[in-house]
Asker: 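Here it is, the structure in full.
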Amino acid sequence: MPNLNDIMEMMDALETKAVVSIPTRCVAVRNRHSTCQKCIDACLADAIHIEKNELEIDAGACVACGACIAVCPTSALISVDPMEEELAAAVAATTPAADGTTVIACARKAARQVGDPDKYAVVPCLARMDERLVVELAARGVVDIQLVDGVCATCKYRGAVPAIDDTVASARELLGAVGSDTVITRTSEFPEAVRVADLQKAVGAARREFFTSTGHYAKDVAKSAAEKMVNEKLKQLKLQKEEQSLRDKLGVKNGAGKMPTIDAERNMEILDALARIGEPVEEEMFTRIFGDVEVDVEKCSGCGMCVMFCPTDALRKSLDVHPDKARAYMEFSMAECTQCNLCADACLKKCIEVVPVVSLAELFDFEPRLVEISASKSGNKLFNRNK
(Lines give C-alpha, C1' and ligand atoms only; values in the text may rest on other atoms or scores of the structure.)
Protein backbone atom coordinates (compact mmCIF):
# COMPACT_ATOMS: atom_id res chain seq x y z
CA MET A 1 0.00 0.00 0.00
CA PRO A 2 1.60 3.33 -1.03
CA ASN A 3 2.23 5.78 1.81
CA LEU A 4 1.44 9.50 1.79
CA ASN A 5 4.90 10.48 0.55
CA ASP A 6 4.57 8.01 -2.33
CA ILE A 7 1.18 9.44 -3.29
CA MET A 8 2.44 13.03 -3.14
CA GLU A 9 5.43 12.11 -5.26
CA MET A 10 3.20 10.39 -7.78
CA MET A 11 0.90 13.42 -7.93
CA ASP A 12 3.89 15.67 -8.59
CA ALA A 13 4.96 13.35 -11.38
CA LEU A 14 1.50 13.45 -12.97
CA GLU A 15 0.92 17.18 -12.48
CA THR A 16 -0.04 18.94 -15.73
CA LYS A 17 0.42 15.70 -17.65
CA ALA A 18 -2.27 14.48 -20.01
CA VAL A 19 -0.23 11.41 -20.96
CA VAL A 20 2.06 9.31 -18.79
CA SER A 21 4.39 6.57 -19.92
CA ILE A 22 5.18 3.06 -18.74
CA PRO A 23 8.66 2.80 -20.31
CA THR A 24 9.10 -0.91 -19.62
CA ARG A 25 6.27 -1.59 -22.08
CA CYS A 26 7.88 0.45 -24.87
CA VAL A 27 9.61 -1.73 -27.46
CA ALA A 28 12.15 1.01 -28.21
CA VAL A 29 13.14 0.94 -24.53
CA ARG A 30 13.26 -2.84 -24.46
CA ASN A 31 15.58 -3.02 -27.48
CA ARG A 32 17.67 -0.20 -28.94
CA HIS A 33 17.36 -1.73 -32.42
CA SER A 34 13.60 -1.18 -32.46
CA THR A 35 12.41 0.93 -35.38
CA CYS A 36 9.03 1.67 -33.78
CA GLN A 37 8.34 5.41 -33.75
CA LYS A 38 4.57 5.31 -34.06
CA CYS A 39 4.03 7.66 -31.12
CA ILE A 40 6.65 10.10 -32.40
CA ASP A 41 5.14 10.08 -35.88
CA ALA A 42 1.67 10.74 -34.45
CA CYS A 43 2.75 13.52 -32.07
CA LEU A 44 1.80 17.00 -33.22
CA ALA A 45 4.10 18.84 -30.85
CA ASP A 46 7.38 16.92 -30.98
CA ALA A 47 6.79 16.15 -27.31
CA ILE A 48 7.92 12.50 -27.35
CA HIS A 49 11.58 11.52 -27.39
CA ILE A 50 13.10 8.04 -27.48
CA GLU A 51 16.84 7.68 -27.29
CA LYS A 52 19.29 5.23 -25.75
CA ASN A 53 16.57 3.01 -24.26
CA GLU A 54 14.81 5.98 -22.68
CA LEU A 55 11.25 7.22 -23.33
CA GLU A 56 10.44 10.77 -22.31
CA ILE A 57 7.36 12.96 -22.72
CA ASP A 58 7.73 16.74 -22.56
CA ALA A 59 4.60 17.66 -20.59
CA GLY A 60 5.08 21.33 -21.40
CA ALA A 61 5.09 20.70 -25.14
CA CYS A 62 2.31 18.07 -25.12
CA VAL A 63 -1.02 19.41 -26.40
CA ALA A 64 -3.02 16.48 -24.97
CA CYS A 65 -4.45 15.35 -28.31
CA GLY A 66 -4.04 11.66 -27.40
CA ALA A 67 -2.94 10.54 -30.86
CA CYS A 68 0.10 8.76 -29.45
CA ILE A 69 -2.07 6.59 -27.19
CA ALA A 70 -4.17 5.29 -30.06
CA VAL A 71 -1.15 4.12 -32.08
CA CYS A 72 1.13 2.67 -29.38
CA PRO A 73 1.20 -1.10 -30.03
CA THR A 74 2.04 -2.10 -26.46
CA SER A 75 -0.01 0.46 -24.48
CA ALA A 76 3.14 2.09 -23.12
CA LEU A 77 1.34 5.43 -23.09
CA ILE A 78 -1.65 6.05 -20.82
CA SER A 79 -4.18 8.87 -21.00
CA VAL A 80 -4.71 10.79 -17.78
CA ASP A 81 -7.01 13.44 -19.26
CA PRO A 82 -9.31 11.68 -19.73
CA MET A 83 -8.58 8.23 -18.39
CA GLU A 84 -10.02 5.46 -20.51
CA GLU A 85 -12.50 4.47 -17.81
CA GLU A 86 -13.68 8.06 -17.41
CA LEU A 87 -14.42 8.27 -21.11
CA ALA A 88 -16.20 4.90 -21.05
CA ALA A 89 -18.31 6.03 -18.09
CA ALA A 90 -19.24 9.28 -19.85
CA VAL A 91 -20.25 7.37 -22.97
CA ALA A 92 -22.32 4.93 -20.91
CA ALA A 93 -24.15 7.82 -19.26
CA THR A 94 -24.84 9.90 -22.36
CA THR A 95 -25.74 7.24 -24.95
CA PRO A 96 -29.17 6.37 -23.47
CA ALA A 97 -30.00 10.08 -23.26
CA ALA A 98 -29.27 10.42 -26.99
CA ASP A 99 -31.75 7.67 -27.86
CA GLY A 100 -29.04 5.02 -28.19
CA THR A 101 -26.69 7.07 -30.36
CA THR A 102 -23.17 7.49 -29.03
CA VAL A 103 -21.93 11.01 -29.64
CA ILE A 104 -18.37 12.02 -28.77
CA ALA A 105 -17.26 15.59 -29.41
CA CYS A 106 -13.97 17.43 -29.28
CA ALA A 107 -13.59 20.04 -26.53
CA ARG A 108 -13.55 22.90 -29.00
CA LYS A 109 -16.90 21.85 -30.44
CA ALA A 110 -18.31 21.36 -26.96
CA ALA A 111 -17.23 24.88 -26.00
CA ARG A 112 -19.60 26.33 -28.62
CA GLN A 113 -22.50 25.21 -26.39
CA VAL A 114 -24.76 24.01 -29.19
CA GLY A 115 -25.09 20.46 -27.90
CA ASP A 116 -26.91 19.10 -24.87
CA PRO A 117 -24.09 18.18 -22.43
CA ASP A 118 -26.15 15.28 -21.07
CA LYS A 119 -26.21 13.63 -24.48
CA TYR A 120 -22.57 13.48 -25.54
CA ALA A 121 -19.11 12.77 -24.13
CA VAL A 122 -16.13 15.07 -24.57
CA VAL A 123 -12.49 14.44 -25.40
CA PRO A 124 -9.78 17.09 -25.90
CA CYS A 125 -9.41 15.88 -29.50
CA LEU A 126 -10.94 13.00 -31.47
CA ALA A 127 -7.41 11.70 -31.96
CA ARG A 128 -7.84 10.32 -28.42
CA MET A 129 -10.34 7.77 -29.76
CA ASP A 130 -9.13 4.24 -30.33
CA GLU A 131 -10.60 1.08 -31.79
CA ARG A 132 -11.14 -0.61 -28.44
CA LEU A 133 -13.90 1.78 -27.34
CA VAL A 134 -15.63 1.79 -30.75
CA VAL A 135 -15.67 -2.01 -31.07
CA GLU A 136 -16.90 -2.43 -27.50
CA LEU A 137 -19.76 -0.01 -28.17
CA ALA A 138 -20.76 -2.05 -31.21
CA ALA A 139 -20.63 -5.23 -29.13
CA ARG A 140 -23.02 -3.63 -26.65
CA GLY A 141 -25.56 -2.95 -29.36
CA VAL A 142 -24.81 0.66 -30.34
CA VAL A 143 -25.49 1.00 -34.07
CA ASP A 144 -24.82 4.72 -34.52
CA ILE A 145 -21.54 6.32 -33.39
CA GLN A 146 -21.02 9.97 -34.28
CA LEU A 147 -17.71 11.73 -33.78
CA VAL A 148 -18.15 15.49 -33.80
CA ASP A 149 -15.30 17.95 -34.24
CA GLY A 150 -14.97 21.48 -35.45
CA VAL A 151 -12.88 20.63 -38.52
CA CYS A 152 -11.33 24.03 -37.88
CA ALA A 153 -8.37 25.29 -39.88
CA THR A 154 -7.18 27.23 -36.82
CA CYS A 155 -7.49 24.38 -34.28
CA LYS A 156 -4.25 23.49 -32.53
CA TYR A 157 -5.13 19.83 -33.11
CA ARG A 158 -5.60 20.17 -36.88
CA GLY A 159 -2.45 18.15 -37.48
CA ALA A 160 -4.21 15.15 -35.89
CA VAL A 161 -6.77 14.87 -38.69
CA PRO A 162 -4.90 12.00 -40.46
CA ALA A 163 -4.66 10.12 -37.15
CA ILE A 164 -8.40 10.50 -36.57
CA ASP A 165 -9.15 9.29 -40.09
CA ASP A 166 -6.83 6.29 -39.61
CA THR A 167 -8.58 5.26 -36.38
CA VAL A 168 -12.03 5.55 -37.93
CA ALA A 169 -10.91 3.52 -40.97
CA SER A 170 -9.33 0.89 -38.71
CA ALA A 171 -12.47 0.58 -36.56
CA ARG A 172 -14.64 0.23 -39.65
CA GLU A 173 -12.35 -2.52 -40.96
CA LEU A 174 -12.62 -4.45 -37.69
CA LEU A 175 -16.39 -4.14 -37.51
CA GLY A 176 -16.84 -4.99 -41.19
CA ALA A 177 -14.87 -8.21 -40.71
CA VAL A 178 -17.62 -9.55 -38.44
CA GLY A 179 -20.56 -8.08 -40.33
CA SER A 180 -21.42 -5.39 -37.79
CA ASP A 181 -24.21 -2.95 -38.69
CA THR A 182 -22.69 -0.20 -36.55
CA VAL A 183 -22.12 3.01 -38.50
CA ILE A 184 -19.28 5.34 -37.53
CA THR A 185 -19.73 8.89 -38.76
CA ARG A 186 -17.31 11.77 -38.42
CA THR A 187 -19.14 15.05 -38.69
CA SER A 188 -18.71 18.74 -37.97
CA GLU A 189 -22.20 19.20 -36.51
CA PHE A 190 -24.11 17.66 -33.61
CA PRO A 191 -27.02 15.44 -34.69
CA GLU A 192 -30.42 17.03 -34.26
CA ALA A 193 -31.32 14.82 -31.29
CA VAL A 194 -28.31 16.12 -29.37
CA ARG A 195 -28.69 19.81 -30.10
CA VAL A 196 -29.32 21.87 -26.99
CA ALA A 197 -32.83 23.14 -26.31
CA ASP A 198 -31.86 25.14 -23.22
CA LEU A 199 -28.84 27.40 -23.71
CA GLN A 200 -28.61 28.06 -19.97
CA LYS A 201 -28.22 24.33 -19.41
CA ALA A 202 -25.26 24.19 -21.77
CA VAL A 203 -23.62 27.20 -20.14
CA GLY A 204 -24.05 25.66 -16.70
CA ALA A 205 -22.56 22.38 -17.87
CA ALA A 206 -19.40 24.19 -18.92
CA ARG A 207 -18.67 24.73 -15.23
CA ARG A 208 -18.86 21.02 -14.48
CA GLU A 209 -16.14 18.48 -15.02
CA PHE A 210 -16.10 16.92 -18.45
CA PHE A 211 -16.31 13.38 -17.13
CA THR A 212 -18.43 11.88 -14.33
CA SER A 213 -18.59 8.22 -13.40
CA THR A 214 -22.13 6.83 -13.20
CA GLY A 215 -23.22 3.56 -11.64
CA HIS A 216 -21.32 1.34 -9.24
CA TYR A 217 -19.78 -0.74 -12.01
CA ALA A 218 -18.31 2.28 -13.81
CA LYS A 219 -16.96 3.67 -10.54
CA ASP A 220 -15.37 0.37 -9.59
CA VAL A 221 -13.73 0.03 -12.99
CA ALA A 222 -12.41 3.59 -12.87
CA LYS A 223 -11.08 3.06 -9.34
CA SER A 224 -9.36 -0.18 -10.34
CA ALA A 225 -7.75 1.45 -13.37
CA ALA A 226 -6.62 4.44 -11.32
CA GLU A 227 -5.02 2.18 -8.72
CA LYS A 228 -3.27 0.23 -11.45
CA MET A 229 -1.89 3.41 -12.99
CA VAL A 230 -0.77 4.75 -9.61
CA ASN A 231 1.05 1.51 -8.82
CA GLU A 232 2.73 1.46 -12.24
CA LYS A 233 3.82 5.09 -11.85
CA LEU A 234 5.14 4.53 -8.33
CA LYS A 235 7.16 1.60 -9.63
CA GLN A 236 8.67 3.83 -12.32
CA LEU A 237 9.50 6.53 -9.77
CA LYS A 238 11.22 3.98 -7.57
CA LEU A 239 13.28 2.77 -10.50
CA GLN A 240 14.26 6.32 -11.37
CA LYS A 241 15.61 6.85 -7.85
CA GLU A 242 17.76 3.76 -7.98
CA GLU A 243 20.69 3.56 -10.33
CA GLN A 244 19.71 0.37 -12.09
CA SER A 245 20.79 -1.18 -15.33
CA LEU A 246 18.29 -1.57 -18.16
CA ARG A 247 18.03 -5.30 -17.53
CA ASP A 248 17.18 -4.60 -13.87
CA LYS A 249 14.47 -2.13 -14.86
CA LEU A 250 13.00 -4.59 -17.33
CA GLY A 251 13.16 -7.44 -14.82
CA VAL A 252 15.48 -9.67 -16.87
CA LYS A 253 16.55 -12.71 -14.85
CA ASN A 254 19.68 -14.74 -15.34
CA GLY A 255 19.02 -17.91 -17.28
CA ALA A 256 15.53 -16.85 -18.33
CA GLY A 257 16.36 -17.00 -22.05
CA LYS A 258 13.54 -14.51 -22.74
CA MET A 259 12.63 -10.95 -21.90
CA PRO A 260 9.73 -10.51 -19.45
CA THR A 261 6.47 -10.26 -21.38
CA ILE A 262 3.43 -8.02 -21.10
CA ASP A 263 -0.21 -8.81 -21.75
CA ALA A 264 -1.69 -7.75 -25.09
CA GLU A 265 -4.75 -6.44 -23.23
CA ARG A 266 -6.06 -4.18 -25.98
CA ASN A 267 -5.87 -6.99 -28.54
CA MET A 268 -7.75 -9.40 -26.32
CA GLU A 269 -10.46 -6.89 -25.43
CA ILE A 270 -11.00 -6.03 -29.09
CA LEU A 271 -11.09 -9.68 -30.09
CA ASP A 272 -13.53 -10.49 -27.30
CA ALA A 273 -15.83 -7.65 -28.42
CA LEU A 274 -15.64 -8.77 -32.06
CA ALA A 275 -16.52 -12.34 -31.05
CA ARG A 276 -19.62 -11.03 -29.25
CA ILE A 277 -20.71 -9.18 -32.38
CA GLY A 278 -20.62 -12.24 -34.62
CA GLU A 279 -18.69 -14.71 -36.74
CA PRO A 280 -16.18 -13.49 -39.34
CA VAL A 281 -17.73 -12.76 -42.72
CA GLU A 282 -14.40 -12.32 -44.52
CA GLU A 283 -11.37 -14.56 -44.96
CA GLU A 284 -8.74 -11.88 -44.39
CA MET A 285 -8.52 -8.45 -42.83
CA PHE A 286 -6.07 -5.58 -43.18
CA THR A 287 -5.48 -4.18 -39.70
CA ARG A 288 -3.05 -2.19 -37.59
CA ILE A 289 -4.13 -3.98 -34.41
CA PHE A 290 -3.15 -7.60 -35.08
CA GLY A 291 -0.31 -8.95 -37.20
CA ASP A 292 1.06 -12.06 -38.91
CA VAL A 293 4.64 -13.19 -39.35
CA GLU A 294 6.46 -14.72 -42.29
CA VAL A 295 9.88 -16.38 -41.94
CA ASP A 296 12.42 -17.03 -44.68
CA VAL A 297 13.61 -20.42 -43.42
CA GLU A 298 16.63 -20.45 -45.73
CA LYS A 299 17.97 -17.28 -44.14
CA CYS A 300 16.97 -18.19 -40.56
CA SER A 301 19.77 -19.38 -38.26
CA GLY A 302 17.49 -20.42 -35.41
CA CYS A 303 19.09 -17.86 -33.09
CA GLY A 304 15.82 -17.29 -31.20
CA MET A 305 16.17 -13.52 -30.99
CA CYS A 306 12.61 -13.03 -32.27
CA VAL A 307 11.23 -15.22 -29.48
CA MET A 308 13.48 -13.64 -26.89
CA PHE A 309 12.38 -10.07 -27.55
CA CYS A 310 8.70 -10.51 -28.47
CA PRO A 311 7.05 -8.31 -25.83
CA THR A 312 3.63 -10.01 -25.73
CA ASP A 313 4.67 -13.67 -26.02
CA ALA A 314 3.08 -13.88 -29.46
CA LEU A 315 6.23 -15.78 -30.45
CA ARG A 316 7.46 -18.52 -28.18
CA LYS A 317 9.45 -21.73 -28.19
CA SER A 318 7.70 -24.89 -29.28
CA LEU A 319 8.10 -28.36 -27.81
CA ASP A 320 7.00 -29.93 -31.09
CA VAL A 321 9.85 -31.75 -32.86
CA HIS A 322 10.29 -31.13 -36.57
CA PRO A 323 10.74 -34.32 -38.64
CA ASP A 324 13.73 -32.68 -40.36
CA LYS A 325 16.63 -32.28 -37.91
CA ALA A 326 17.76 -29.19 -39.79
CA ARG A 327 14.43 -27.54 -39.01
CA ALA A 328 12.56 -26.58 -35.86
CA TYR A 329 9.30 -24.90 -34.83
CA MET A 330 8.28 -21.86 -32.88
CA GLU A 331 4.71 -21.02 -31.90
CA PHE A 332 2.94 -17.88 -33.08
CA SER A 333 -0.25 -16.44 -31.58
CA MET A 334 -1.85 -14.01 -34.01
CA ALA A 335 -4.22 -12.71 -31.34
CA GLU A 336 -1.28 -11.51 -29.25
CA CYS A 337 0.73 -9.92 -32.06
CA THR A 338 0.50 -6.12 -31.84
CA GLN A 339 2.54 -5.25 -34.94
CA CYS A 340 5.30 -3.70 -32.83
CA ASN A 341 7.80 -5.23 -35.31
CA LEU A 342 10.37 -5.93 -32.61
CA CYS A 343 10.85 -9.52 -33.75
CA ALA A 344 11.92 -8.29 -37.20
CA ASP A 345 14.09 -5.53 -35.74
CA ALA A 346 15.87 -7.95 -33.40
CA CYS A 347 16.38 -10.63 -36.05
CA LEU A 348 20.10 -11.08 -36.80
CA LYS A 349 19.49 -12.46 -40.27
CA LYS A 350 16.59 -10.17 -41.18
CA CYS A 351 14.54 -13.19 -42.17
CA ILE A 352 11.27 -12.43 -40.39
CA GLU A 353 8.59 -10.00 -41.57
CA VAL A 354 5.48 -8.71 -39.80
CA VAL A 355 2.51 -8.25 -42.14
CA PRO A 356 -0.76 -6.35 -41.46
CA VAL A 357 -3.04 -8.82 -43.26
CA VAL A 358 -4.42 -11.54 -40.99
CA SER A 359 -6.54 -14.63 -41.45
CA LEU A 360 -9.86 -14.25 -39.62
CA ALA A 361 -10.14 -18.00 -39.10
CA GLU A 362 -6.75 -18.15 -37.39
CA LEU A 363 -7.35 -14.96 -35.42
CA PHE A 364 -10.58 -16.28 -33.91
CA ASP A 365 -9.14 -19.75 -33.35
CA PHE A 366 -6.89 -18.53 -30.49
CA GLU A 367 -4.66 -21.58 -30.95
CA PRO A 368 -1.00 -20.84 -31.73
CA ARG A 369 0.35 -21.77 -35.16
CA LEU A 370 3.56 -23.69 -35.67
CA VAL A 371 6.04 -21.63 -37.69
CA GLU A 372 8.93 -23.42 -39.34
CA ILE A 373 12.42 -22.08 -38.61
CA SER A 374 15.97 -23.39 -38.87
CA ALA A 375 17.26 -25.52 -36.02
CA SER A 376 19.71 -23.67 -33.80
CA LYS A 377 23.29 -24.94 -34.05
CA SER A 378 24.16 -23.49 -30.64
CA GLY A 379 22.14 -22.48 -27.61
CA ASN A 380 21.26 -18.84 -27.09
CA LYS A 381 23.30 -17.65 -24.07
CA LEU A 382 22.53 -13.94 -24.23
CA PHE A 383 20.67 -13.76 -20.91
CA ASN A 384 22.78 -16.40 -19.20
CA ARG A 385 25.66 -13.97 -18.82
CA ASN A 386 26.61 -12.54 -15.47
CA LYS A 387 25.69 -8.91 -14.88
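Just so you know, these numbers use all the heavy atoms, side chains as well, and skip hydrogens, waters and symmetry mates.
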Asker: Same hydrophobic cluster for Y329 and I373, using side-chain heavy-atom links shorter than 4.5 Å among ILVMFWY?
Answerer: no
Asker: Kindly say whether P260 contributes a backbone atom to a donor-acceptor pair with the side chain of R30 at under 3.5 angstrom?
Answerer: yes
Asker: Taking all atoms of both residues into account, what is the closest heavy-atom pair of L147 and M129, and its distance?
Answerer: CD2-CE, 4.3 Å
Asker: For K317 and M308, what are the C-alpha separation, side-chain angles and deciding distance, and is it a side chain to side chain contact (heavy atoms under 4.5 Å, CB included)?
Answerer: CA-CA 9 Å; K317 295 178 181 179; M308 180 181 297; over 6 Å; no
Asker: Go through the structure and list residues passing salt bridge (Lys or Arg N to Asp or Glu O under 4.0 Å) with E192, not counting sequence neighbours.
Answerer: R195
Asker: For the atom pair CD (E284) and CG (L363), what is the distance rounded to the nearest 0.5 Å?
Answerer: 12.0 Å
Asker: Quick one: do I352 and V357 end up in the same hydrophobic cluster if we chain Ile, Leu, Val, Met, Phe, Trp and Tyr together by side-chain heavy atoms under 4.5 Å apart?
Answerer: no
Asker: State whether the number of non-hydrogen atoms from other residues, nucleotides or ligands found under 6.0 Å of D181 atom CG is greater than 12.
Answerer: no
Asker: With the threshold set at 4.0 Å, does a side-chain nitrogen-carboxylate oxygen contact exist between R316 and E336?
Answerer: yes
Asker: Backbone N or O of E265 within a donor-acceptor pair of the D263 side chain at under 3.5 Å?
Answerer: no
Asker: Under the side chain to side chain contact (heavy atoms under 4.5 Å, CB included) criterion, do N341 and K38 qualify, and how do the steps go?
Answerer: CA-CA 11 Å; N341 214 54; K38 294 179 181 180; over 6 Å; no
Asker: I'd like to know whether C300 forms a side chain to side chain contact (heavy atoms under 4.5 Å, CB included) with C351, so could you lay out the CA-CA distance, the side-chain angles of the two residues, the decisive distance to 0.1 Å, and finally the verdict.
Answerer: CA-CA 6 Å; C300 178; C351 65; 3.6 Å; yes
Asker: In residues 55-78, what donor-acceptor pairs under 3.5 Å come from side-chain atoms, sequence neighbours left out?
Answerer:
from: D58; atom 1: OD1; to: G60; atom 2: N; distance (Å): 3.0
from: D58; atom 1: OD1; to: A61; atom 2: N; distance (Å): 3.2
from: T74; atom 1: OG1; to: R25; atom 2: O; distance (Å): 2.7

Asker: Give a yes or no on whether the backbone of F290 and the side-chain of Q339 come within a donor-acceptor separation of less than 3.5 Å.
Answerer: yes
Asker: Measure the spacing between CG of D130 and CD of E84 and express it to the nearest 0.5 Å.
Answerer: 6.0 Å
Asker: Considering the options T95, T94, V134, which one meets the side chain to side chain contact (heavy atoms under 4.5 Å, CB included) requirement together with T102?
Answerer: T95
Asker: Table please: side-chain donor-acceptor pairs of residues 268-276 below 3.5 Å, with sequence neighbours left out.
Answerer:
from: E269; atom 1: OE1; to: R132; atom 2: NH1; distance (Å): 3.1
from: D272; atom 1: OD2; to: R276; atom 2: NE; distance (Å): 3.2
from: D272; atom 1: OD2; to: R276; atom 2: NH2; distance (Å): 3.3
from: R276; atom 1: NH2; to: E136; atom 2: OE1; distance (Å): 2.6
from: R276; atom 1: NH2; to: E136; atom 2: OE2; distance (Å): 3.2

Asker: Is there a donor-acceptor pair closer than 3.5 Å between any side-chain N or O of D292 and the backbone N or O of V358?
Answerer: no
Asker: Backbone N or O of L137 within a donor-acceptor pair of the R140 side chain at under 3.5 Å?
Answerer: no
Asker: Which hydrophobic side chains are connected to V143, either touching it within the sub-4.5 Å cutoff or through other members that do?
Answerer: none
Asker: Are Y157 and V148 linked, directly or through intermediate hydrophobic residues, by side-chain heavy-atom contacts shorter than 4.5 Å (ILVMFWY only)?
Answerer: no
Asker: Does the side chain to side chain contact (heavy atoms under 4.5 Å, CB included) test come out yes or no for R327 and V297, once each step is laid out?
Answerer: CA-CA 8 Å; R327 297 282 187 262; V297 184; 3.1 Å; yes
Asker: From Q37 CD over to C43 SG, what is the distance, rounded to the nearest 0.5 angstrom?
Answerer: 12.0 Å
Asker: Minimum heavy-atom separation for A121 and V91, please, with both atom names.
Answerer: CB-CG2, 4.0 Å
Asker: Look at the side-chain heavy atoms of Ile, Leu, Val, Met, Phe, Trp and Tyr, link any pair under 4.5 Å apart, and say whether L44 and I40 land in one connected group.
Answerer: no
Asker: Backbone N or O of V103 within a donor-acceptor pair of the K119 side chain at under 3.5 Å?
Answerer: no
Asker: What distance do F309 atom CZ and N31 atom CG have between them, rounded to the nearest 0.5 Å?
Answerer: 4.5 Å
Asker: Please check: side-chain N/O of N53 versus main-chain N/O of V29, any donor-acceptor pairing under 3.5 Å?
Answerer: yes
Asker: At what distance, to the nearest 0.5 angstrom, does CD1 of I104 lie from CG of L87?
Answerer: 5.5 Å
Asker: Which pairs count as salt bridge (Lys or Arg N to Asp or Glu O under 4.0 Å) when at least one residue sits in residues 340-358, sequence neighbours excluded?
Answerer: none
Asker: List the atom of V354, the atom of C337, and the distance in Å for their closest heavy-atom pair.
Answerer: CG1-SG, 4.4 Å
Asker: Are L370 and V355 co-members of a hydrophobic cluster defined by side-chain heavy atoms under 4.5 Å apart?
Answerer: no
Asker: Any side-chain heavy atom of F190 within less than 4.5 Å of one from K109?
Answerer: yes
Asker: To the nearest 0.5 angstrom, please state how far the OG1 atom of T312 sits from the CD1 atom of I262.
Answerer: 7.0 Å
Asker: Run the side-chain donor-acceptor check on residues 161-180: report pairs under 3.5 Å with partners two or more places apart or on a different chain.
Answerer:
from: D165; atom 1: OD1; to: R186; atom 2: NH1; distance (Å): 2.8
from: T167; atom 1: OG1; to: A163; atom 2: O; distance (Å): 3.2
from: T167; atom 1: OG1; to: R288; atom 2: NH2; distance (Å): 2.8
from: S170; atom 1: OG; to: E131; atom 2: OE2; distance (Å): 2.6
from: R172; atom 1: NE; to: I184; atom 2: O; distance (Å): 3.4
from: R172; atom 1: NH2; to: I184; atom 2: O; distance (Å): 2.6
from: S180; atom 1: OG; to: T182; atom 2: N; distance (Å): 3.1
from: S180; atom 1: OG; to: T182; atom 2: OG1; distance (Å): 3.3

